[in-house]
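Quick note on labels: first sequence line is chain A, next is B, and so on, each numbered from 1.
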Number of protein chains: 2
Amino acid sequence: MARAGLSADRLALAGADLADQIGFENVSVAKLARHFNVKPASLYSHVESSADLKTRITLLALTELADSTAEAVAGRSGEPALTALGNSFRNYAHAHPGRFAAMQRQLDPQTAAQSAGPRHVRLMRAILDGYQLNEADQTHAIRLIGSVLRGYVSLELSGSFSHSEPSSGESWKHIVHGLNVLLENW
Amino acid sequence: MARAGLSADRLALAGADLADQIGFENVSVAKLARHFNVKPASLYSHVESSADLKTRITLLALTELADSTAEAVAGRSGEPALTALGNSFRNYAHAHPGRFAAMQRQLDPQTAAQSAGPRHVRLMRAILDGYQLNEADQTHAIRLIGSVLRGYVSLELSGSFSHSEPSSGESWKHIVHGLNVLLENW
DNA sequence: GTAGTTACCTAATGATCGTAGGTAGCTTGA
DNA sequence: TCAAGCTACCTACGATCATTAGGTAACTAC
């Protein structure tokens with residue numbers, strides 16, 4: 001029998017793609033095995049458990065998003081940087097809803113510390129250096145921005161904004177701009 | 001054999017309590033049946049499916065929160081009203097993490113329309129009437145507030161704020177105040 | 001007290017995760 | 001080039017779960 005060439009990374013990548021297609025919560029070891037024409041038990045040579053697989057998908061998504069956000073923000077500051085950060089986040093989530101859902105998963109502190117999570121914080125902190133905030137206020141601001149990004153996109157993806165005017169994209173622009181104003185006058 | 005006295009409402013309530021204890025995603029028909037000393041099959045006389053049960057928990061949580069928020073906000077306007085709304089939301093989520101998780105679940109449009117969701121919107125709209133916003137801006141503002149509430153509390157409950165200073169409660173105060181400022185100068 | 005309803009049961013099917021232990025294919029070293 | 005070992009994948013199994021079909025026992029109402 002030919003080998004499928006599995007590895008933890010390939011499983012995480014295929015799992016992420018599967019999540020984008022059928023929803024992160026519907027990803028299972030069994031489905032992923034089927035995708036590789038392999039028996040479920042075979043995945044356990046590469047991945048510890050279903051939870052481990054899901055954690056790997058989370059880490060993959062965090063890294064991908066940090067990469068693309070870093071690129072989007074590079075060379076910008078102030079409102080353009082904030083807008084680029086926001087759009088990068090939102091576009092990624094729209095293009096990859098399963099990966100986005102994976103990112104909501106909570107990691108244990110150790111894993112979280114080694115994830116791309118801290119990179120996200122550093123990216124935000126770099127942007128906020130362009131505004132005049134003391135250290136504590138910068139942390140408050142990071143938490144605010146993180147909340148808005150996560151909250152807005154979650155609500156949007158769950159359809160909360162799709163049955164009313166104005167369009168979701170319209171609100172997004174106003175909200176990012178509003179955040180910028182707030183940061184300038186914190 | 002004595003009857004357990006099941007009903008859809010009792011199941012939803014017990015399911016919500018169970019969710020608060022073991023996490024919403026771990027609630028199952030089997031566990032709920034065990035809680036009532038009854039066989040899993042018995043629940044299907046009262047509830048259509050596991051998904052139906054979960055939807056009922058979501059609806060219960062939405063209603064409970066709308067009730068308690070309405071009470072908290074009553075008789076207030078402006079920043080005190082905004083603060084009351086925010087604290088009501090946050091306190092509920094902290095006291096009932098399983099119910100809060102249930103509220104994140106997306107409902108099909110029909111169910112959503114008959115849920116307490118619209119009541120939440122009306123509550124926010126009533127508060128925003130105290131600020132000078134045109135209709136479209138009011139909608140943007142509702143979406144912003146909803147995003148911050150949901151995002152902040154999600155991040156908080158998933159531990160994102162627990163390993164850094166200042167305390168999460170501290171940021172919360174600043175953020176609610178910041179929102180108020182933003183709304184006043186929209 | 002009997003008829004009818006209904007609350008709960010037994011039994012079965014099929015999906016899931018996960019473990020233990022076996023075999024076939026690849027790789028490396030003599 | 002061939003033998004030895006590693007490892008990728010397998011079969012087989014036990015547990016938990018959701019769900020359906022069809023039966024029985026307990027209430028309710030006349």
message: Is the phosphate of C/dC9 approached by B/S42 (side-chain N or O, under 4.0 Å from OP1 or OP2)?
response: yes
query: Is there a donor-acceptor contact under 3.5 Å from the side chain of B/H120 to the main chain of B/L65?
result: no
Identify the pairs formed between an N or O of the protein and an N or O of nucleotides 17-20 of chain C at a distance under 3.5 Å, and give each distance.
residue, atom, partner, partner atom, Å
C/dC17, OP1, A/V29, N, 2.7
C/dC17, OP2, A/A30, N, 2.9
C/dG18, OP2, A/Y44, OH, 3.1
C/dG18, OP2, A/S50, N, 2.5

Counting only pairs under 3.5 Å, give me each side-chain donor-acceptor contact of residues 176-186 of chain B, with atom names and distances, residues two or more places apart or in other chains.
residue, atom, partner, partner atom, Å
B/H177, ND1, B/E79, OE2, 2.8
B/N180, OD1, B/Y131, OH, 2.5
B/N180, ND2, B/E79, OE1, 2.9
B/N185, ND2, B/V181, O, 2.7
B/W186, NE1, B/D137, OD1, 3.3

- request: Return no unless some side-chain N or O of A/R34 is found under 4.0 Å from OP1 or OP2 of C/dA15.
  value: no
- request: Check whether any side-chain nitrogen or oxygen of A/H46 sits under 4.0 Å from OP1 or OP2 of D/dT7, and answer yes or no.
  value: no
statement: note: B/H35, atom NE2; D/dC17, atom P; distance rounded to Å ~ 15 Å
ring-ring contact (aromatic ring centres under 6.0 Å, His included) partner of A/Y152, chosen from A/F89, A/W172, A/F100: A/W172
task: Can you tell me the distance, in whole Å, between the CG atom of A/L6 and the C1' atom of C/dG25?
output: 14 Å
field: For atom CG of A/L32 and atom P of D/dC9, their distance in whole Å
entry: 12 Å
A/L43 CG to D/dT11 C1', straight-line distance once rounded to whole Å: 15 Å
task: Measure from NZ on A/K39 to P on C/dA24 and round the result to the nearest Å.
output: 17 Å
- prompt: Which residues satisfy the side-chain contact (heavy atoms from CB on, under 4.5 Å) test with A/K173, sequence neighbours excluded?
  reply: A/E170
query: Going from CD on B/Q104 to CG on A/L155, what distance comes out if it is rounded to the nearest 0.5 angstrom?
result: 8.0 Å
task: Give the rounded distance in Å between these two atoms: CG of A/N26 and C1' of D/dA18.
output: 14 Å
- prompt: Under 3.5 Å, is there a donor-acceptor pair between the side chain of B/S88 and the main chain of B/A84?
  reply: no
